[in-house]
Amino acid sequence: MELNITKDILLEIIEHLKEAIYIVDAQGKVVYLNNAASQLEQMPKSDFLGKTIDAVYVNTEFHTHRNSPCLDVLASGEIQENENLEWFTGNGTAINAITNTYPIIENGEILGVYEMAENIADLKKRLIEIGAFPRKRTYRMRKKTLHNGTNYIFDDIIGESDALQSTITIARRFAAKKLPVMIYGETGTGKEMFAQSIHNASSSVSGPFIPVNCAAIPENLLESILFGTVKGAFTGAVDSVGLLEKAENGSVFLDEINSMPIALQAKILRALQEKEVQRIGDSKTRKINCRIISATNKLPSEAIRDGEMREDLFYRLSTGMILIPPLRERGDDLELLADYFIAKCNEEIDATVTSMSPELKRLLKSYYFPGNCRELANIIESAMNMTIEGENILDVHHLPTYMKNHFKDEISAMPNAEQVFQRQSPQSHRNVPQMDFHGNLNTMMAEYEKGLIELALASTHGNLTKCGEKLGVTRQNLTFKIKRHNIDLKKFKRK
């Protein structure tokens with residue numbers, strides 16, 4: 001028996017499509033929409049059929065004669081394909097969809113238009129659920145292929161902005177030369193990521209990469225760690241090889257170099273000039289062959305002015321100078337990074353979050369981000385931890401408490417402000433104090449840092465190792481900061 005494709009069969013097929021289908025006549029009236037369109041709009045078909053587009057979307061920011069694809073195509077007769085559009089439904093819900101709109105033409109006359117729209121969030125969710133997306137290569141997976149103490153290469157640095165790409169180009173150029181490199185960037189911009197990438201793009205890639213946080217190691221230990229000791233040099237001293245020797249044919253990364261004691265800076269300068277070190281308590285010198293990569297989160301000129309860095313050491317270390325742009329100067333890189341952090345969290349906590357709401361994007365794009373990429377990662381991870389099963393869009397109400405307080409005025413102007421402030425994390429109420437911005441910049445930054453640490457402690461139940469990993473700092477550095485801010489660890493421990 002031959003299959004006869006009837007109108008009823010075609011309509012039944014259209015009703016089962018995942019794409020939303022709209023048909024509009026020459027007067028702009030909606031004459032048909034399928035079930036997917038009704039679900040997308042979160043409104044019954046009766047609210048559309050027989051009504052003009054302007055009447056359906058009155059008091060909204062979309063579907064006007066100025067920017068409605070259906071009305072545009074109706075007026076021009078030209079096809080509009082692959083339009084990535086955001087609009088608000090009649091009940092105020094934000095929609096982000098890919099639309100394709102075509103004119104219906106007969107004998108040269110436009111009788112109407114039809115539009116196909118697919119909700120981007122739904123599409124991503126379905127693809128994730130059926131496993132259509134391959135598992136992305138994460139930094140953790142990198143450890144399986146790099147055996148020199150590093151996790152990152154230049155390809156791991158996410159961002160397409162001109163500011164970042166220019167920095168990467170310069171860093172690649174310096175990597176090919178055997179010269180000291182100094183990296184300046186605000187906290188959280190990825191200085192160690194750049195340092196490791198430079199090492200892995202250099203001729204020293206087969207040698208070790210040894211990081212040293214000059215701010216986290218006590219002054220009396222830092223010298224012995226860098227230069228080594230001989231037995232009997234002081235009480236308890238044993239024969240030990242310093243990191244400058246251990247890094248033979250490799251790289252030593254001196255992070256927060258401006259926190260190194262001035263007296264020790266003089267010894268580092270001599271070691272670089274003579275290419276030799278003298279272990280503490282030893283009478284002889286030993287040749288070294290390693291590259292020094294240093295970093296500072298304070299402008300070198302300011303560090304020199306404030307007596308934190310020797311000027312001659314700066315000239316020796318900065319023959320290759322790299323300035324990493326802050327996140328707020330990187331344009332759309334913020335969205336790229338947010339998407340990456342969302343995908344990474346999806347893998348780690350088995351979630352299906354696909355994107356951020358337009359409102360959340362607007363708030364984040366207006367934020368100064370003093371903590372840069374590390375802070376963004378923390379915000380995304382904290383927000384992901386606030387989602388419940390079935391939620392696939394990160395929204396304003398998922399934000400950590402300190403961010404809601406920062407955007408208090410903007411959120412208060414939103415229609416659902418009361419619900420946003422009501423949906424707080426029980427953990428944040430119990431453990432994390434409200435951020436109180438007052439006083440001078442140093443006071444506010446200290447308050448801000450304390451709030452971030454307490455938020456991370458709350459989410460890790462006081463586990464210092466996990467908290468340090470979340471914040472991107474060493475356990476020693478975290479302990480120092482906890483003591484400085486007088487944070488009581490007991491209230492964060494799991495009861």
Using the side-chain contact (heavy atoms from CB on, under 4.5 Å) rule, take L464 and L457 through it: C-alpha gap first, then chi angles, then the decisive distance, then the call. CA-CA 7 Å; L464 294 182; L457 285 170; 4.1 Å; yes

Using side chain to side chain donor-acceptor pair (under 3.5 Å), reason through T296 and N258 one step at a time and then give a plain yes or no. CA-CA 6 Å; T296 172; N258 55 302; 3.0 Å; yes

Could you walk me through whether V473 and N213 pass the side-chain contact (heavy atoms from CB on, under 4.5 Å) check? CA-CA 9 Å; V473 299; N213 190 321; over 6 Å; no

Would you check, one step at a time, whether the test side-chain contact (heavy atoms from CB on, under 4.5 Å) holds for R279 with V277? CA-CA 6 Å; R279 295 181 185 177; V277 295; 5.6 Å; no

Going through the checks in order, is the side-chain contact (heavy atoms from CB on, under 4.5 Å) test met by I268 and R316? CA-CA 10 Å; I268 289 288; R316 172 63 65 175; over 6 Å; no

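No side-chain N or O of N372 forms a donor-acceptor pair with one of T189 less than 3.5 Å apart. No side-chain N or O of N151 forms a donor-acceptor pair with one of D156 less than 3.5 Å apart. Looking at T150 and N200, their side chains do bring a donor and an acceptor atom within 3.5 Å of each other. E454 and H485 share no side-chain donor-acceptor pair at under 3.5 Å. Neither side chain, N297 nor T187, offers a donor N or O lying under 3.5 Å from an acceptor on the other.
Around atom CD of Q165, more than 12 heavy atoms belonging to other residues, nucleotides or ligands sit under 6.0 Å away. The environment of E81 atom CD is dense: over 12 non-hydrogen atoms of other residues, nucleotides or ligands sit within 6.0 angstrom. More than 12 heavy atoms of other residues, nucleotides or ligands lie within 6.0 Å of NZ in K298, so this atom counts as buried by the packing criterion. More than 12 heavy atoms of other shown residues, nucleotides or ligands fall within 6.0 angstrom of atom NZ in K361. Environment of CG in D162: sparse, with no more than 12 heavy atoms of neighbouring residues, nucleotides or ligands closer than 6.0 Å.
With hydrogens and angles ignored, the 3.5 Å screen pairs no side-chain donor or acceptor of N119 with any backbone N or O of A97. Checked by atom type and distance alone, the side chain of T167 pairs as donor or acceptor with a backbone atom of A163 at under 3.5 Å. One N or O on the side chain of T474 and one on the backbone of N477 form a donor-acceptor pair closer than 3.5 Å. Not one N or O on the side chain of R172 forms a donor-acceptor pair closer than 3.5 Å with the backbone of S197. Under the 3.5 Å distance criterion, the side-chain polar atoms of E391 are matched with a main-chain donor or acceptor of I388. Without hydrogens or angle criteria, H199 side chain to G207 main chain gives a donor-acceptor distance under 3.5 Å. Under a 3.5 Å cut-off, the side chain of N148 and the backbone N or O of S206 do not form any donor-acceptor pair. Using a distance-only test at 3.5 Å, with no hydrogens or angles considered, no donor-acceptor pair links the side chain of S318 to the main chain of M321. No donor-acceptor distance shorter than 3.5 angstrom exists from the side chain of E359 to the backbone of D395, with no hydrogens or angles considered. Listed for the T229 side chain is no donor-acceptor partner under 3.5 Å among the backbone atoms of I280.
For the atom pair SG of C467 and NZ of K481, the computed distance is 11.5 Å after rounding to the nearest 0.5 Å. A distance of 10.5 Å separates CZ of F174 from CD1 of I183, quoted to the nearest 0.5 Å. Atoms CE and CD1, from M403 and I379 in turn, are 3.5 Å apart once rounded to the nearest 0.5 Å. Distance CG/L376 to CG/L337: 6.0 Å, rounded to 0.5 Å. To the nearest 0.5 Å, atoms CG (D488) and CD1 (I482) are separated by 10.5 Å. To the nearest 0.5 Å, the span separating CZ on F227 from CG on L222 amounts to 8.5 Å.
Taking the side chain as every heavy atom from C-beta outward, L264 and E219 never approach each other to under 4.5 Å. Looking at V353 and H398, their side chains never come closer than 4.5 Å, going by heavy atoms from C-beta outward. Side-chain contact between M193 and C373: absent, with no pair of heavy atoms (C-beta onward) separated by less than 4.5 Å. The shortest side-chain heavy-atom distance between L179 and V181 falls under the 4.5 Å cut-off. Using a 4.5 Å heavy-atom threshold, the side chains of I393 and S355 count as touching. Counting only heavy atoms from C-beta outward, the side chains of L363 and H406 never approach each other to under 4.5 Å. Between D333 and I158 the shortest side-chain heavy-atom distance does not fall below 4.5 Å. You'll find the side chain of L478 stays beyond 4.5 Å of the side chain of T465, heavy atoms only.
Evaluated for a salt bridge (charged side-chain N to carboxylate O under 4.0 Å, His left out) with K287, the options E276, E248, E274 yield exactly one hit, E276. Checking each of R374, R328, R330 against E186 for a salt bridge (charged side-chain N to carboxylate O under 4.0 Å, His left out) leaves exactly one that passes, namely R328.
Looking at every heavy atom in both residues, S366 comes nearest to F407 through OG-CE2, 3.5 Å. Taking each heavy atom of N82 and I98 in turn, the nearest pair found is CA-CG2, 4.0 Å. Contact detail for I198 and A171: the closest heavy-atom pair is CG1-O, 4.1 Å. The minimum heavy-atom distance between A247 and P208, with the atom names listed, is CA-CG, 3.8 Å. Across all their heavy atoms, Q265 and I257 have their closest contact at NE2-O, 3.9 Å. For R291 against A175, the heavy-atom pair with the smallest separation is NH1-O, 3.4 Å.
Note on K344 versus E381: no salt bridge recorded, every NZ/NE/NH1/NH2 to OD/OE distance being 4.0 Å or above. We find that R362 and E410 are not joined by a salt bridge, their nearest charged nitrogen and carboxylate oxygen being 4.0 Å or further apart.
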